[in-house]
Each structure stands twice: as C-alpha cells, then as structure tokens.
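Structure first, then comments.
The shown structure was predicted, so the numbers you read here are calculated from the model rather than taken from an experiment. Every heavy atom of this structure was used, including side-chain atoms; hydrogens, water molecules and symmetry mates were not. Every chain is numbered from 1, with letters handed out A, B, ... down the list of sequences.
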Amino acid sequence: MTFDDLQLLPELLTALHATGYESPTPIQQQAIPYVLDARDLLGVAQTGTGKTAAFTLPLLQRLHLSRPTNQPSGPRAVRSLILTPTRELAIQIGESFATYGQNLKLRHAVIFGGVSQHPQVEALRRGTDVLIATPGRLIDLINQGYVDLKRLEIFVLDEADRMLDMGFINDIRRILPLLPKQRQSLFFSATMPPTIQQLADSILRNPQQVAVTPVSSTAEKVEQAVYMIEKTDKPYLLLEVLSNPELRRVLVFTRTKHGADRVAKGLTAKGIVAEAIHGNKSQNARQRALQNFKSGETRVLVATDLAARGIDVDELSHVVNYELPNEPETYVHRIGRTGRAGAEGMALSFCDAEERAYLQDIQRLINREIRVVDNHSYANNDVAPVPLKGPNITKPKGPAGRPPRPGRGGATGGAGSKAARGAGAGHARPATAPRHNQDSRSKASSPGQSAPVAGTGKPRPNNNSRPGRRRRRD
DNA sequence: AAAAAAC
C-alpha cells in the first residue's frame, strides 16, 4: 500500500514524495480514512508509529477543503487545536505541519512556555488555521484574550496518558468547555487505563478506534544488551562504549538532571562532543541542544526522561541507558527512540547492583531476557545476571506507599527459566555492533588510562547492596 | 525520588 491509495490531495502527496515517504505505517493506513471522513478517532498508539503524520495529513486536507473561499479580511480563525504534553513535542508537530503543508496555504502556530510570548501572540494576531500548544501557555494566552476557539473544527489530544501523568487533567478540563460542541476530535494515547478511557468518552462522539503495536512490542525491533557493572565504573564503560565509531549518534539517558549535566561535562572533557538536555535548562538551550544533535553537530545527547518519549531523531544509532529507569514502561519509551522507520537501532543498558530489580521489571514487561555483555573491561561478576522468571519484586499495581516485599512470591506462572546470559554465541558478540561485525569491538581504553566521565557515586561493597529491594515510592 | 509544565 502507498500513500497514493489513501485519497490524499496531490499537494500532500507531493510533499510526502519530497520527504521520501512512500508507504503509510499501520496507524496511518487505519486512521487517515476515518479522519478524512470527519469521524472522531480513538488512537491507541505511541509516537514512533507514525502517529503524528496520521493526524497531520488528513487534518491539513480537511482544513484545506473547508477553508472559506472568500476569506474575510480579518485574521483567520483557529480551526484546529492540537494539545501535547511537552514543548519539544509541540515543536516537532509544528515541523510536521510545515513539512506536509508546504504546498497548501494554511498557517500553523506553535505556542508553549519557557520562551517569550510575544512572537506567539503576534502569530495569533496574524491569524492561524492550526494551533499547536502545551496546556499551560495556551491557558495563559486564553486568559489574556489572545486565543479564540469558537471557530474550531478539529481538536487533537496527543499523548493523553502522558498528559494525565503530568497533571494536565485540570488544564484539559478548563479548555474543553471553550471548544464548540460541534467538532471533530482525535484522541491519542499509548495506553488505555480506565481514567484515560473516561476522558476519551467525555471528549469523543461515536469514535472509530484504531490500535497499533502495544507499548511493549516496540522493544522487539530494537536490539538490546545490558552490561552488569559497578556504579563507579559506569563513566569508564561509557567512554569505552563510545570509543566505537559505530555509535554515530547516541542518546544517553540518566535518571536525574544533575546526572545528565555531569555525564555531558565528563564526556566533553574527554573530547567527545556531547550536550545535555533536561528541564532545568532554558528553553532556548533545550532547543539548541536538540537541534545540534539532530543536525549531527553533537554526537552524544545526554538526557533525562524529558527526551524519553516522542523525540524523533533520524539515524539515531544507539540509546544508552546510563541509569535504568524505575518505571519499566520508560525503558520501552527510551529505546523506542532508536530503530525507527526501519533503521537498525540498538539499546545498551548499564545495570549496577542497585538496579537489578528494575532490570527484572523491564524484562518482565517486554517478556524477554536482555542479552548480557560479559566480555567488557568492567564486567562485574558480583552483579549477577537477572533471570526473567524470578521472584516478584514489585507488586504490579500495588497500593502506593508500601514497599514491596523482596524475595517472596513465586513467579506469576509461566514456563521455566533460561539463564539470562543467553545461549550460544549471542553473548560473546560485541554489544556495540547492531548486527554482524564480530570484530568491530572497540579497542577499549583500560581503566587505568582514562579518567572517569563523571563520578556518580561512591564505591559500595556488594554485600551492602540490596538488589531485591525496591525503594519506597509514595 | 525524578521528571515534565505558566508567569
């Protein structure tokens, strides 16, 4: 199937061909006809599935066709609103409109916080057909009287589950009554728990439902490996791993903003072009860092989970989990940044003794064992591999505030346990080569030669660590 | 405990 089969306008097809896209992804195949047909849509999909184009293309087409022929002399009204949780996603969606709408005479504006509102207000004054916004700044500008949504035709709520996670539910509730009842609504979410379903029910009318690849299955497309390692060796291992030129464009995830800064600084000190991106940076610095990374100026971007979802970088060869996330879903989102659009991608994770429980949760979620690399310079034999079927370490949806009991509770049914080290030649293969290339392993810098990228903690005797224990969350 | 988002 090609885009030509989707009844899209020639202007859109030309733009698509210019960008090199030929065949629609599953969500595009399913969603575009419904949206063109003015139906409400419930899309269960995460970014990376082609979701943005799935609504951008038909939305542009509908707006183009419904555009008043005798355009009044005043500024054009906002006819479509797209709400999205993070500023970077808003910008990215704006770029998508610019690309696909290049041959149409429609305007779009992107509004979000952290930057001066004046250019955004100016864009609204001039008039825009499409408004892409994060909730806070949108409400801000609505309150100041700069946004009129009375002529709205199409409303898109993107990443609804993330919106709720981030506490945007009240903002959404304030915006909804400002929209005309008579409208088309598109609702996208990666997951569909009851609260999200309720929100969807309150927004959509007689929706068509479209679902593609549940979150956990994207993990199957990305080759994954894990290094069992001491926490204090992570800076050295990162240098070793990055000494392999196959890691052309690398996104490194840390758990904290401070950690992201430290790692980026340490890499820079070692002559590796790296930048950090996180929520404590100014919006300008965030955009600059992302831009430099996308353009290839920066080889390594060190990020918090700000960049875990949605950020779309072409030719991202590797994701490195310098620290494992405690939410297993976050792991899936992180590694989903690579291996996109059919490209090869690889995810490398550094797991210290304290993170074993997280690794186990991750393996349970993706329902497979992650290959352990045991031939690297810093292999820590005291950090035992983590079998897929082990004792339940976290209560799946347990009541908050109570630390789960370690070491108790049997495996929740299921077949026997393979050793995590994997069978056959798999584990002897270098972790940094996505497919073949047995001999491409880097000349590792030895521990004595290189200074650490960043000290992330004090050495800790292993018998003090409590791998089975997960920290209290409340 | 961390992260994101309005001023």
Looking only at the side chain of Asn326(A) (C-beta and beyond, no hydrogens), which of the listed nucleotides dA3(B), dA5(B), dA1(B) gets closest? dA1(B)

dA4(B) C1' sits how many Å from Arg162(A) CZ, rounded? 6 Å

NZ of Lys257(A) versus P of dA5(B): gap in Å, rounded? 9 Å

Find the distance Leu89(A):CG to dA4(B):C1' and express it as a whole number of Å. 11 Å

Does Arg87(A) have a side-chain nitrogen or oxygen under 4.0 Å from the phosphate oxygens OP1 or OP2 of dA4(B)? no

Treating Thr304(A) as the side-chain partner and Leu306(A) as the backbone partner, does any N or O pair qualify as donor plus acceptor under 3.5 Å? yes

Please give, in whole Å, the distance from dA3(B) C1' to Phe168(A) CZ? 12 Å

What is the nucleic acid contact for Gly167(A), judged by heavy atoms within less than 4.0 Å: base, sugar-phosphate only, or nothing? nothing

Does dA2(B) have OP1 or OP2 under 4.0 Å away from a side-chain N or O of Thr304(A)? no

Find the distance Gln287(A):CD to dA4(B):C1' and express it as a whole number of Å. 15 Å

Of the candidate nucleotides dA3(B), dA5(B), dA6(B), which contains the atom at the shortest distance from the side chain of Thr256(A)? dA3(B)

Let me check something: any side-chain donor-acceptor pairs from residues 198-205 of chain A under 3.5 Å, sequence neighbours excluded? List them with distances.
{"unit_1": "Asp201(A)", "atom_1": "OD1", "unit_2": "Gln197(A)", "atom_2": "NE2", "d": "3.2"}
{"unit_1": "Ser202(A)", "atom_1": "OG", "unit_2": "Leu199(A)", "atom_2": "O", "d": "2.7"}

Distance check: side-chain N/O of Thr134(A) vs OP1/OP2 of dA6(B), anything under 4.0 Å? yes

Please give the stem ranges for DNA chain B, sorted by first residue number, where a stem is three or more consecutive Watson-Crick or G-U pairs and both donor-acceptor distances are under 3.5 Å. none

Rounded to whole angstroms, how far apart are CZ on Arg334(A) and P on dA4(B)? 12 Å

Starting at atom CG of Asp171(A), determine the distance to atom P of dA5(B), rounded to an integer number of angstrom. 13 Å

Whole-Å distance, Ile175(A) CD1 to dA6(B) C1', equals 12 Å

Residues which pass salt bridge (charged side-chain N to carboxylate O under 4.0 Å, His left out) with Arg79(A), listed by chain and number, not counting sequence neighbours: Asp129(A), Glu153(A)

Taking 4.0 Å as the cut-off, does a side-chain nitrogen or oxygen of Arg286(A) come that near to OP1 or OP2 on dA5(B)? yes

Result block: side-chain N/O donor-acceptor pairs under 3.5 angstrom for residues 293-302 of chain A, not counting sequence neighbours:
{"unit_1": "Ser295(A)", "atom_1": "OG", "unit_2": "Gln291(A)", "atom_2": "O", "d": "3.4"}
{"unit_1": "Ser295(A)", "atom_1": "OG", "unit_2": "Asn292(A)", "atom_2": "O", "d": "3.1"}
{"unit_1": "Ser295(A)", "atom_1": "OG", "unit_2": "Glu297(A)", "atom_2": "N", "d": "3.4"}
{"unit_1": "Thr298(A)", "atom_1": "OG1", "unit_2": "Glu275(A)", "atom_2": "OE1", "d": "3.1"}
{"unit_1": "Arg299(A)", "atom_1": "NE", "unit_2": "Leu247(A)", "atom_2": "O", "d": "2.8"}
{"unit_1": "Arg299(A)", "atom_1": "NH1", "unit_2": "Leu242(A)", "atom_2": "O", "d": "3.2"}
{"unit_1": "Arg299(A)", "atom_1": "NH2", "unit_2": "Leu242(A)", "atom_2": "O", "d": "2.6"}
{"unit_1": "Arg299(A)", "atom_1": "NH2", "unit_2": "Asn244(A)", "atom_2": "O", "d": "3.2"}
{"unit_1": "Arg299(A)", "atom_1": "NH2", "unit_2": "Leu247(A)", "atom_2": "O", "d": "3.0"}

Enumerate the salt bridge (charged side-chain N to carboxylate O under 4.0 Å, His left out) contacts for residues 108-122 of chain A, please, sequence neighbours excluded, ordered by first and then second residue. Glu122(A)-Arg125(A)

Out of curiosity, Gln184(A) CD to Asp40(A) CG, how far, rounded to the nearest 0.5 Å? 6.5 Å

List for me each residue that meets ring pair (Phe, Tyr, Trp, His ring centres under 6.0 Å) alongside Phe55(A), sequence neighbours excluded, and say none if there are none. Phe188(A)

Ranking dA6(B), dA4(B), dA2(B) by distance to the side chain of Met166(A), first place goes to dA4(B)

